[in-house]
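All values below were derived from every heavy atom in this structure, side-chain atoms included, with hydrogens, water molecules and symmetry-related copies excluded.
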Amino acid sequence: MSPEDVAALRENLHEQRLFRQEQLVQIASAVPSRTDDLLRQSTAGQVEVHVKLAASARMVLSDVVAALDRMDRGSYGACHLCRRPIDRERLLIVPQARYCARCQQVREAGR
């Protein structure tokens with residue numbers, strides 16, 4: 001991977017980090033107060049959706065921060081399982097990827 005590729009991926013990851021942080025703030029501000037039982041009952045479904053969205057956003061944020069840490073340590077782009085380089089095309093699509101496509105398929109098949 002060229003230095004230009006890495007710089008572009010780093011910028012993409014920084015943008016994703018900011019987006020997820022803002023998303024979490026928005027989700028947190030949209031959750032109604034839990035003090036009113038009637039309000040809680042009428043919006044229980046909305047609260048559940050917000051909780052799941054927040055969990056997903058936190059997970060992606062964690063992956064993005066971990067990818068930035070790998071960049072700083074110089075280990076970015078290496079698969080966590082087989083240690084081979086992750087394809088450039090995969091990183092362009094999923095810059096926070098920890099696994100090459102083959103190892104990712106193996107992990108998903110084992111679930």
TODO: Mind checking the CG-CD spacing from Leu18 to Glu15? Nearest 0.5 Å is all I need.
DONE: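 Atom-to-atom, Leu18:CG and Glu15:CD are 8.0 Å apart.
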Task: Leu24: partners by side chain to side chain contact (heavy atoms under 4.5 Å, CB included), with sequence neighbours left out - done: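 Once residues adjacent in sequence are excluded, the partners of Leu24 under the side chain to side chain contact (heavy atoms under 4.5 Å, CB included) criterion are Ala54, Ala57, Arg58, Leu61.
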Open item on the list: Under the rule for side chain to side chain contact (heavy atoms under 4.5 Å, CB included), what residues qualify as partners of Ser62, not counting sequence neighbours?
Closed with: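 If we apply the side chain to side chain contact (heavy atoms under 4.5 Å, CB included) test to Ser62, skipping adjacent residues, there are no hits.
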Qualifying salt bridge (charged side-chain N to carboxylate O under 4.0 Å, His left out) pairs with a residue from [range], counting only residues at least two apart or across chains:
range          : result
residues 59-70 : Asp63-Arg98
residues 75-95 : Asp5-Arg88
residues 19-30 : none

Open item on the list: Within the structure provided, determine whether Cys100 and Cys82 are in side-chain contact (heavy-atom separation under 4.5 Å).
Closed with: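 Result yes, sub-4.5 Å side-chain heavy-atom pair found.
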Open item on the list: Arg10: which residues meet the salt bridge (Lys or Arg N to Asp or Glu O under 4.0 Å) condition with it, sequence neighbours left out?
Closed with: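 Listed in chain order: Asp72.
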TODO: Share the residues that join Leu92 in a hydrophobic cluster, the rule being Ile, Leu, Val, Met, Phe, Trp or Tyr side chains under 4.5 Å apart at the heavy-atom level.
DONE: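 Joined to Leu92, directly or through intermediates: Met1, Val6, Leu9, Leu13, Val60, Val64, Leu68, Met71, Tyr76, Ile86, Leu91.
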TODO: Check which hydrophobic residues are tied to Val25 through side-chain heavy-atom contacts below 4.5 Å, counting indirect links as well, and list them.
DONE: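 Val25 clusters with nothing; isolated.
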Open item on the list: For Ala67 versus Pro95, what's the shortest heavy-atom pair and its separation?
Closed with: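 Shortest heavy-atom contact: CB-O, 4.1 Å.
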Task: Listed once per pair and sorted, the ring-ring contact (aromatic ring centres under 6.0 Å, His included) pairs that draw on residues 91-111, sequence neighbours left out - done: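 As it turns out, the ring-ring contact (aromatic ring centres under 6.0 Å, His included) pairs with a partner in residues 91-111, which skip direct neighbours, are His80-Tyr99.
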- [ ] Look at the side chain of Ser56 and the backbone N and O of Leu53, then say whether any donor-acceptor pair between them is shorter than 3.5 Å.
- [x]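 Between the backbone of Leu53 and the side chain of Ser56 there is no qualifying donor-acceptor contact (under 3.5 Å).
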Can you give me every donor-acceptor pair (side chain of residues 102-109, partner residue at least two apart or in another chain, under 3.5 Å) with its distance?
residue	atom	partner	partner atom	Å
Gln104	NE2	Glu108	OE2	3.0

